[in-house]
Amino acid sequence: MLLFMTILRFPDTHLVGEPNQGWSLITSQLNLERLALVNHGPVEELYKNVLKLAESTKINNDQYLTDLSWVKRNFAEVHSGIEALKLICWKQTWIMETGQLNMAEASVAKVYGSEFFIEAYRLLMEVMGELSLLKNDSELSILNARLERMYRTASILTFGGGTNEVQRDIIAMAGLLMPRTR
């Protein structure tokens, strides 16, 4: 088998960053990308909208949807997940601001956030019931069918930006100093 190697030379004026620091540049951009993928804003907005709707929805003459214990549990799980995601994102932002780039921390943010989104949207859809499945063209569409669309597309994040399985390997190797998987 023949292998060919080509050496490319560029003038210093074409460098991005410092010489021989390409790997740091690549991983820092991946860290930023992973953090951008798990922004807590959209899920928090949907949480607030579904909560407001549930607080104003009567299921009996004297009882609101939010009075049911399973509904309270669902909202509590989503709320606590959002708060945890905020802390993870803020920590990742601090790490980038202080120049302590760490691919394991970025991978933690990406894995937690992408998997939390799926669960959060599922829990909110459970509260809304069958109305959460309606598309935009329905007269009964609530929240402009955003919840259904977000749930349907959230799984893309589990492989976009690096599959979660690979991210777990990065967490194990770079964060926990465990051996690489086969």
- [ ] Drop me the distance from N102's CG to M96's CE, to the nearest 0.5 angstrom.
- [x] 11.5 Å
Task: Distance, nearest 0.5 Å, that separates CD1 of I118 from OG1 of T153 - done: 9.5 Å
TODO: Look at atom CD of E97 and say whether more than 12 heavy atoms of other residues, nucleotides or ligands are closer to it than 6.0 Å.
DONE: no
TODO: Could you check R122 against E119 for salt bridge (charged side-chain N to carboxylate O under 4.0 Å, His left out), going step by step and ending with a plain yes or no?
DONE: CA-CA 5 Å; R122 185 194 66 74; E119 182 64 6; 2.7 Å; yes
TODO: Enter the distance from M128:CE to L147:CG here, rounded to the nearest 0.5 Å.
DONE: 6.0 Å
Task: Where S107 and I170 come nearest, the two heavy atoms and their spacing - done: OG-CG2, 3.4 Å
Open item on the list: Show the nearest heavy-atom pair for residues R146 and P42, with the distance to one decimal.
Closed with: NH2-O, 4.3 Å
Open item on the list: Using every non-hydrogen atom in the two residues, find where K58 and Y64 come nearest and quote the distance to one decimal.
Closed with: CE-OH, 3.3 Å
TODO: Among N39, I82, V78, L85, find the one that has a side chain to side chain contact (heavy atoms under 4.5 Å, CB included) with E44.
DONE: I82
Open item on the list: Could you see if W94 belongs to whatever hydrophobic cluster contains I88? Use Ile, Leu, Val, Met, Phe, Trp, Tyr and a side-chain cutoff under 4.5 Å.
Closed with: no
- [ ] Determine the minimum heavy-atom distance between K72 and D67, stating which atoms define it.
- [x] CE-O, 3.8 Å
Open item on the list: Does any part of the side chain of V50, heavy atoms only, come nearer than 4.5 Å to the side chain of M125, both counted from C-beta?
Closed with: no
TODO: Indicate if V43 and V108 have the same hydrophobic cluster label, given that clusters are the connected sets of ILVMFWY residues with side-chain heavy-atom separations under 4.5 angstrom.
DONE: no
- [ ] Measure across L123 and N74 and return the closest heavy-atom pair with its distance rounded to 0.1 Å.
- [x] O-ND2, 3.2 Å
- [ ] Hey, could you give me the CD/OH distance between E148 and Y121, rounded to the nearest 0.5 Å?
- [x] 12.5 Å
Task: Q100 versus I95, closest heavy-atom pair with distance - done: O-CG2, 2.7 Å
- [ ] Applying side-chain contact (heavy atoms from CB on, under 4.5 Å), name anything that partners D62, two or more places apart in sequence or on another chain.
- [x] N60
Task: Cluster overlap V111 with M178, hydrophobic side-chain contacts below 4.5 Å - done: no
Task: K86 NZ: over 12 foreign heavy atoms closer than 6.0 Å - done: yes
Task: Rounded distance [0.5 Å steps], CE in M103 versus CD1 in I171 - done: 11.5 Å
TODO: Decide, yes or no, whether a salt bridge links E55 with K52 under the criterion of side-chain N to carboxylate O below 4.0 Å.
DONE: no
TODO: Drop me the distance from L46's CG to Y151's OH, to the nearest 0.5 angstrom.
DONE: 14.5 Å
Open item on the list: List the residues meeting ring pair (Phe, Tyr, Trp, His ring centres under 6.0 Å) with F116, not counting sequence neighbours, and say none if there are none.
Closed with: Y112
TODO: Please identify each residue that fulfils side-chain contact (heavy atoms from CB on, under 4.5 Å) with D169, with sequence neighbours left out.
DONE: T181
- [ ] For residues K91 and L87, determine if any side-chain heavy atom of one lies less than 4.5 Å from a side-chain heavy atom of the other.
- [x] no
